[in-house]
Enquirer: 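One structure, as structure tokens, below. Some questions next.
Residue numbers start at 1 and run along the sequence shown.
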Amino acid sequence: MPQSCWANMPPELLRDVISRIEASEGAWPARKYVVACSGVCRSWRAITKEIVQIPQLSGKLTFPISLRQPGPRDFLIQCFIKRDRATSSYHLYLGLTATLSENGKFLLAARKLRRPTCTDYIISLDAEDMSRGSNRYIGKLRSNFLGTKFTIYDSQLPCSGAIASTSRAGRRVGSKQVSPRLPAGSYVVAHIAYELNVLGTRGPRRMQCLMDAVPASAMEPGGSAPTPTECPLTSLDSLATLPHFGSKSEVIETSFFSGPIINSNWKEGPLLLKNKVPRWHEQLQCWCLNFRGRVTVPSVKNFQLVAATEPTQPATQSDHDKVILQFGKVGKDMFTMDYRYPLSAFQAFAICLSSFDTKLACE
């Protein structure tokens with residue numbers, strides 16, 4: 001097959017052209033031209049991938065793989081979520097302006113599926129195709145019956161810290177067997193738990209997130225979070241031999257809020273996130289958090305997450321100053337979602353979806 005004349009451009013000239021496009025088209029929708037450069041041919045794609053930096057360094061979301069990569073360290077990427085009650089679906093958008101606007105770049109979509117003993121949120125790169133059998137499927141969130149405990153599954157192996165799910169249910173879509181090259185929701189990357197509050201006497205919601213795929217050392221100076229650069233299709237045959245941070249009993253069988261989470265090698269274990277405790281405002285007679293103008297409507301769903309330094313001790317003031325993920329209501333079916341390193345957009349979106357779920361024993 002004859003190659004296009006564009007494929008024969010001198011590498012030095014091609015690199016200069018793409019670098020100029022990358023520098024000038026820093027925000028969506030103009031950033032689509034950077035993506036277009038990667039689709040011309042293999043040589044253009046290779047050079048474009050070399051020039052475009054990961055979100056942690058650039059603060060920009062360019063390719064689909066960016067949604068699985070950690071956000072920037074120094075600031076929050078501002079997004080928003082639209083809820084569609086009629087279809088039980090949720091759409092994540094990248095905010096294009098500093099103001100709270102409904103215009104944004106589509107990133108991810110999720111659909112809520114109620115089951116007899118749990119609830120699933122299927123997460124996809126395609127707003128029109130949210131089936132687990134699709135190659136646009138990216139992962140899922142699953143809750144227990146009470147809506148107090150959640151597990152985040154990734155369809156691809158994000159890092160060596162992910163835990164392989166041995167559930168046969170995760171390998172089937174309805175009555176059809178999923179191709180071994182498309183493992184559907186096979187890797188556990190996080191656990192979320194909400195404290196039981198049946199009588200409502202313990203104040204606002206309290207939650208913890210155990211990030212199985214992110215080591216606690218990622219928050220240390222010089223630490224790093226797993227950053228996938230490709231979307232590999234991994235065989236299911238390797239599921240039983242994947243390593244992870246901490247022991248199985250520490251990560252999977254931990255009973256959140258029934259007692260302290262014990263881990264002698266704290267920095268070597270998975271990262272633990274806790275919600276920032278709101279303060280009581282005497283004049284307003286309500287619980288308050290400082291969202292810096294990003295949240296405008298009071299809601300039990302609103303939260304901010306910070307890194308916990310020790311599992312049995314509250315986070316220090318410096319930790320509270322650095323919000324890793326914040327989520328809150330700005331309209332009837334509109335919510336903001338801002339995240340930063342070491343979370344990815346996919347992980348942040350899944351955590352926020354857990355706040356939407358009905359919690360019979362938490363309010």
Side-chain angles (χ1 to χ4, degrees), residues 26-28 31 52-81 92-98 100 104-105 107-108 123 138-139 152 154 158-159 161 189-190 192 207-229 270-277 289-295 301-309 315-328 330 335-355:
W28 290 93
R31 197 151 182 81
V52 175
Q53 294 182 314
I54 59 176
Q56 182 180 339
L57 301 177
S58 66
K60 302 173 184 176
L61 300 177
T62 307
F63 301 113
I65 189 62
S66 302
L67 302 178
R68 279 192 165 105
Q69 297 172 334
R73 289 177 178 265
D74 299 329
F75 61 91
L76 294 163
I77 291 183
Q78 296 184 342
C79 307
F80 62 90
I81 299 174
L92 175 67
Y93 296 86
L94 175 65
L96 301 182
T97 62
L100 296 176
K105 161 64 178 172
L107 299 177
L108 293 169
I123 304 175
I138 190 173
I152 301 175
D154 197 324
C159 66
V189 295
I192 308 167
M207 64 184 294
Q208 292 184 352
C209 300
L210 195 65
M211 307 304 299
D212 301 287
V214 181
S217 60
M219 300 303 298
E220 298 294 320
S224 62
T227 306
T229 56
L271 174 67
L272 178 65
L273 303 178
K274 293 184 177 182
N275 69 300
K276 188 174 180 180
V277 180
L289 283 171
N290 183 10
F291 289 94
R292 302 186 183 278
R294 289 287 292 165
V295 176
K301 297 178 176 64
N302 301 348
F303 68 81
Q304 291 179 322
L305 291 184
V306 296
T309 54
T316 63
Q317 185 61 39
S318 60
D319 295 319
H320 275 257
D321 291 337
K322 189 171 183 179
V323 174
I324 294 176
L325 171 63
Q326 66 178 21
F327 170 79
V330 293
F335 303 79
T336 56
M337 185 198 90
D338 304 336
Y339 77 98
R340 70 194 310 164
Y341 174 92
L343 294 183
S344 66
F346 163 65
Q347 293 167 342
F349 185 42
I351 293 173
C352 291
L353 288 175
S354 72
S355 188

Enquirer: To the nearest 0.5 Å, what is the distance between CZ (Phe327) and CG (Leu305)?
Expert: 11.0 Å
Enquirer: Mind checking what makes side chain to side chain contact (heavy atoms under 4.5 Å, CB included) contact with Ala225, not counting sequence neighbours?
Expert: Pro70, Val214, Ala218, Tyr341, Pro342
Enquirer: With a 4.5 Å limit on heavy-atom distance, are the side chains of Leu96 and Lys105 in contact?
Expert: yes
Enquirer: Kindly compute the distance separating CD (Gln326) from CG (Leu76), expressed to the nearest 0.5 Å.
Expert: 5.5 Å
Enquirer: Check for a donor-acceptor pair, side chain of Gln69 on one end and backbone N or O of Ser344 on the other, with a separation under 3.5 Å.
Expert: no
Enquirer: Which pair of non-hydrogen atoms, one from Cys79 and one from Leu107, has the smallest distance, and what is that distance?
Expert: SG-CD1, 4.2 Å
Enquirer: Using 0.5 Å steps for rounding, measure from the CG atom of Leu108 to the CZ atom of Phe349.
Expert: 6.0 Å
Enquirer: So do Met219 and Ile324 actually touch side chain to side chain, heavy atoms under 4.5 Å?
Expert: yes
Enquirer: Could you check if a side-chain atom of Ile351 sits within less than 4.5 angstrom of a side-chain atom of Met211, using non-hydrogen atoms only?
Expert: yes
Enquirer: Donor-acceptor pair, Arg340 side chain versus Lys322 backbone, under 3.5 Å?
Expert: no
Enquirer: Donor-acceptor check, side chain of Gln304 to backbone of Asn290, threshold 3.5 angstrom: yes or no?
Expert: yes
Enquirer: Using a 4.5 Å cut-off on heavy atoms from C-beta on, say whether the side chain of Thr229 contacts that of Ile65.
Expert: no
Enquirer: Could you walk me through whether Ile123 and Leu353 pass side-chain contact (heavy atoms from CB on, under 4.5 Å), step by step?
Expert: CA-CA 10 Å; Ile123 304 175; Leu353 288 175; 3.9 Å; yes
Enquirer: Are the side chain of Ser355 and the backbone of Cys352 linked by a donor-acceptor contact shorter than 3.5 Å?
Expert: no
